[in-house]
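Everything below concerns the one structure shown next.
Just the heavy atoms: all of them, side chains too, but no hydrogens, waters or symmetry mates, feed the values below.
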Amino acid sequence: MALAEATNTPVAELIGVSKIYGQGDLRVKALDQLDLTVSRGDYLAVMGASGSGKSTAMNILGCLDRPSLGTYRLNGTAVEKLDDDALADVRNHSLGFVFQQFHLLPNATAMDNVMLPMVYAGVPPDERQERAAAALERVGLAERLENRPNQLSGGQQQRVAIARAIINRPSLLLADEPTGALDSSTTAEVLELFDELHQQGITLVMVTHEDDVAARARNIVRFQDGCIRSEATG
């Protein structure tokens, strides 16, 4: 399947975004007038040393934090102006998250874990089950619907987490070091899954410190001192 074509339509835009923590002598500028655009259909890898600002940028993209200055537009909406309830709604409907640690409910089945975002979104029970089963089949776990996390390998758990992240058909999928807890073989499997999701049209931003992982992306940005130091094509 051919790679999805990125368009000129922005899904996420950080415009002159700064993030400042603390006051006085303890004041730290984690982001410094950052400009970053993620276009529909893009696959962007974000790299940088610890303290470079990449995690802060990801938190703002994920509506987990607000900029101190500047604007963040998601699908054209200035989300920094939304209240906490509206931000929670945006996170549930427009964003998907995949983390290094899988954050699965240990006593819930793969189906139940994937259905959880739909519960909060008010999706009817029958539709929840149908969509969760389809999402797990999409990530290659059609035979594991009733397994709990302790009955799954690390790679399978991450696949459940990915199915959960895409279940509400997000505009933007955010992955923060998604292969950090996996061995090399399982890492390759998960990256192939991200490739497939991108080919199917999902817009993806992934934080990683590994060059070979970043090389799978269409575009790569490197952060330094709260700014983008360089941009390249993967």
Task: Sub-4.5 Å side-chain heavy-atom contact between E130 and D126 - done: no
- [ ] Kindly work out whether a path of hydrophobic side-chain contacts (I/L/V/M/F/W/Y, heavy atoms less than 4.5 Å apart) joins V207 to L64.
- [x] yes
Open item on the list: Main chain of V123, side chain of R128: is a donor-acceptor contact present, judged purely on distance under 3.5 Å?
Closed with: yes
Open item on the list: To check you understand the geometry: which heavy-atom pair defines the closest contact between G62 and L174, and what is its length?
Closed with: CA-CD1, 3.4 Å
Task: Taking every non-hydrogen atom, the tightest pair across R40 and V11 - done: CA-CG2, 3.5 Å
Task: Distance in Å, S184 OG paired with E189 CD, rounded so as to fall on 0.5 Å steps - done: 10.0 Å
Open item on the list: Strictly distance-based, threshold 3.5 Å: is any side-chain N or O of D83 a donor or acceptor partner for the main-chain N or O of D85?
Closed with: yes
- [ ] Would you give the length of the straight line joining atom CD of E13 to atom OG1 of T77, rounded to the nearest 0.5 angstrom?
- [x] 11.0 Å
- [ ] First locate atom CG of D212, then atom CG of L191, and finally report the distance between them rounded to the nearest 0.5 Å.
- [x] 8.0 Å
TODO: May I have the step-by-step check of side-chain contact (heavy atoms from CB on, under 4.5 Å) for D195 and R216, ending in yes or no?
DONE: CA-CA 8 Å; D195 289 345; R216 306 290 285 257; 2.6 Å; yes
TODO: Taking all heavy atoms of A121 and all of N168, pick out the closest pair and write down the distance.
DONE: CB-ND2, 4.0 Å
Task: Donor-acceptor contact below 3.5 Å, side chain S39 vs main chain D42 - done: no
Open item on the list: Looking at V205, is its backbone amide N or carbonyl O close enough to the side chain of Y43 to form a donor-acceptor pair, meaning the two atoms are under 3.5 Å apart?
Closed with: no
Task: Enclosure of Y21 OH (heavy-atom neighbours >12, cutoff 6.0 Å) - done: yes
- [ ] Using a 4.5 Å cut-off on heavy atoms from C-beta on, say whether the side chain of P149 contacts that of N113.
- [x] yes
Open item on the list: Measuring only between side-chain heavy atoms, which start at C-beta, is L197 closer than 4.5 Å to I162?
Closed with: yes
- [ ] Report yes if the side chains of F194 and L204 come closer than 4.5 Å at any heavy-atom pair, otherwise no.
- [x] yes
- [ ] Could you grab the distance from atom OH of Y72 to atom CG of L14, nearest 0.5 Å is fine?
- [x] 6.5 Å
Open item on the list: Counting only heavy atoms not in E137 (residues, nucleotides, ligands), do more than 12 fall under 6.0 Å from its CD?
Closed with: no
Open item on the list: Under 4.5 Å between side-chain heavy atoms, counting indirect links through other Ile/Leu/Val/Met/Phe/Trp/Tyr residues: same cluster for L95 and F102 or not?
Closed with: no
- [ ] On the 0 to 90° scale, with breaks at 30° and 60°, tag the F99-F97 ring pair as parallel, tilted or perpendicular.
- [x] parallel
Task: Same apolar cluster (I L V M F W Y, side chains within < 4.5 Å links), I228/I220 - done: no
- [ ] Drop me the distance from D65's CG to E80's CD, to the nearest 0.5 angstrom.
- [x] 12.0 Å
- [ ] Answer yes if the side chains of N59 and T56 hold a donor-acceptor pair under 3.5 Å, and no otherwise.
- [x] no
TODO: I would like to know whether L182 and V190 meet side-chain contact (heavy atoms from CB on, under 4.5 Å); could you show each step before the answer?
DONE: CA-CA 9 Å; L182 305 176; V190 169; 3.6 Å; yes
TODO: Let me see the working for K29 and K19 under side-chain contact (heavy atoms from CB on, under 4.5 Å), right down to the final yes or no.
DONE: CA-CA 6 Å; K29 185 176 284 189; K19 183 63 182 180; over 6 Å; no
Open item on the list: Between D211 and R222 (salt bridge meaning N to carboxylate O under 4.0 Å), is one present in this structure?
Closed with: yes
Task: Derivation of the side-chain contact (heavy atoms from CB on, under 4.5 Å) call for I20 and R27 - done: CA-CA 7 Å; I20 301 165; R27 186 173 180 269; 3.2 Å; yes
Open item on the list: Please give me the minimum heavy-atom distance between H198 and G41, naming the atom from each residue.
Closed with: NE2-O, 2.8 Å
TODO: Taking the side chain as every heavy atom from C-beta outward, state whether R131 and M118 have any atom pair closer than 4.5 Å.
DONE: yes
TODO: Say whether, by atom type as modelled, one donor and one acceptor occur between the side chain of R73 and the main chain of A12 under 3.5 angstrom.
DONE: no
Task: Donor-acceptor under 3.5 Å (T208 side chain, V213 main chain) - done: no
TODO: Please tell me if the side chains of M206 and L44 come closer than 4.5 Å, counting only heavy atoms from C-beta onward.
DONE: no
Task: Closest non-hydrogen atom pair between S94 and N75, with its separation - done: OG-ND2, 4.2 Å
Task: Within-4.5 Å side-chain heavy-atom neighbours: H103 and R164 - done: yes
TODO: Give a yes or no on whether the backbone of G48 and the side-chain of Q224 come within a donor-acceptor separation of less than 3.5 Å.
DONE: no
Open item on the list: To check you understand the geometry: which heavy-atom pair defines the closest contact between R218 and T233, and what is its length?
Closed with: O-CG2, 3.3 Å
Open item on the list: So, taking the atom named CE in M47 and the one named OG in S52, what distance separates them when rounded to the nearest 0.5 Å?
Closed with: 10.0 Å
TODO: Would you kindly confirm whether I15 and L172 end up in one hydrophobic cluster when ILVMFWY residues are joined by side chain heavy atoms under 4.5 Å apart?
DONE: no
Task: Joint cluster assignment, M111 & L152, ILVMFWY side-chain distance < 4.5 Å - done: yes
- [ ] Starting from the C-alpha separation in whole Å, work towards a yes-or-no answer on salt bridge (charged side-chain N to carboxylate O under 4.0 Å, His left out) for R66 and D84.
- [x] CA-CA 11 Å; R66 299 174 187 265; D84 289 344; 3.0 Å; yes
Open item on the list: Has R159 got a side-chain atom pairing as donor or acceptor with V139's backbone, closer than 3.5 angstrom?
Closed with: yes
Open item on the list: Quick check against the 3.5 Å criterion: does Q156 have a side-chain atom that pairs as donor or acceptor with the backbone of S153?
Closed with: yes
Open item on the list: Consider side-chain contact (heavy atoms from CB on, under 4.5 Å). Of L74, I60, T71, which one does V79 pass it with?
Closed with: L74
TODO: Give a yes or no answer on whether the side chain of Q151 reaches the backbone of R148 with a donor-acceptor pair at less than 3.5 Å.
DONE: yes
Open item on the list: Is there a side-chain contact between L104 and V160 in this structure, where contact means two heavy atoms from C-beta onward sitting under 4.5 Å apart?
Closed with: yes
